[in-house]
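Below: the structure, in structure tokens.
Both counts, for ligands and for their atoms, begin at 1 and track the order of listing.
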Amino acid sequence: MIKIDGKGVSQKILAYIRKEHDILKEKYGRSAGLGVIIVGDNPASKVYVNNKIKACENVGFYSETISLGGNITEKDLIKEIERLNKNNKIDGILVQLPLPNHINELKITETIFPEKDVDGFHPLNIGKMVIGDNTGFLPCTPYGIIQLFEEYGIDPAGKDTVIIGRSNIVGKPAALMLIQRGATVQVCNTKTKNINEKLKNADIIISAAGVPNLIKGTDVKEGAVVIDVGINRVKGKLCGDVNYEEASEKVGYITPVPGGVGPMTIAGLIKNTFKSYINKVEK
Ligand code: GUN
């Protein structure tokens, strides 16, 4: 069994970008910039946003965090995004999700200029992902997972893949990115029938359900690749969707929680922001 070191791979990617960014910063006289908007006081969102800002500092990017109250109107939030759209110091814009119920997430996503959409959630970037046009931005978490596959020499082509979760952030884009790379993909959700049978036959499992202990040792095939996107807190301790102790006895590769996919989401964001910066300075 190989424990996939997301933290280590992420650090390697960030160190490389730091070096490349230093060179371009010197050449073009400005840093890459990320604008982050957080609405309300969801504690998990605060942690994620802090980690993203820390990563920007780590690689030498400029960043701006805009913290807005949970009762801000959709119109005012759109105004903040439009300001970042126009700001020449900002190459990437990220509005942390989820948003309060009175705000339409799709409308917010569509307000961000596609060329600054480093989350890869704008319909134009989603469309580019669907057709395999690599000039767009890929959603950070599945992008991070693909980086892990590349780092560990895991080729998804011809692999029976089961994804649990159909969100726009993880499940759906992960499916599209793996289809693009030749995998045979099933996207499951809470209504899926015989999910244990599907898991048992899977060469690759990606779980983004947010349910602790959802996948047990008996659910996985010998030698499978198990990617755990769940971040759950049980009795104050972080854990994923997979029973790590049981599954690691059988699988070929597995990501731990924490230290697996989480740091790779950040690496994906930093890579996307750097790509946007390069697109602008080298125009
Ligand atoms: N909430 C959970 N994951 C993400 C992400 O990748 N981007 C944004 N903007 N919000 C999230």
Validation row: Leu94, Leu269 side chains within 4.5 angstrom (heavy atoms) | yes

Identify whether NZ of Lys or CZ of Arg in Lys275 sits under 6.0 Å from the centre of the six-membered ring of Phe137 and within 45° of that ring's axis.
-> yes

Interfacing atoms of ligand 1 (cut-off 4.0 Å, heavy-atom, Leu94) | 9 (N)

Atom 3 (N) of ligand 1: which protein heavy atom is closest, and how many Å away?
-> Ile169 CG2, 3.7 Å

Provide, to 0.1 Å, the distance between atom 11 (C) of ligand 1 and the closest protein heavy atom, together with that atom's residue and name.
-> Gln96 NE2, 3.3 Å

Honestly, for Leu269 the part within reach of ligand 1 (heavy atoms, under 4.0 Å) is neither

How close does the nearest protein non-hydrogen atom get to atom 6 (O) of ligand 1, and which residue and atom is it?
-> Asp119 OD1, 3.7 Å

Please report the C-alpha distance between Ile164 and Ile206 in whole Å, then the side-chain angles of each, then the deciding distance to 0.1 Å, and finally whether the side chain to side chain contact (heavy atoms under 4.5 Å, CB included) criterion is met.
-> CA-CA 6 Å; Ile164 305 187; Ile206 298 179; over 6 Å; no

Phe121: heavy atom below 4.0 Å from ligand 1, yes or no?
-> yes

Give the residue and atom name of whichever protein heavy atom lies nearest to atom 1 (N) of ligand 1, and the separation in Å to one decimal.
-> Leu97 O, 3.0 Å

From the list Ile145, Thr141, Val9, Val229, side chain to side chain contact (heavy atoms under 4.5 Å, CB included) partner of Met264 resolves to Val9

Which is it for Phe113 and His122 under the ring pair (Phe, Tyr, Trp, His ring centres under 6.0 Å) test, yes or no, and what are the steps along the way?
-> CA-CA 8 Å; Phe113 281 168; His122 188 284; 9.3 Å; no

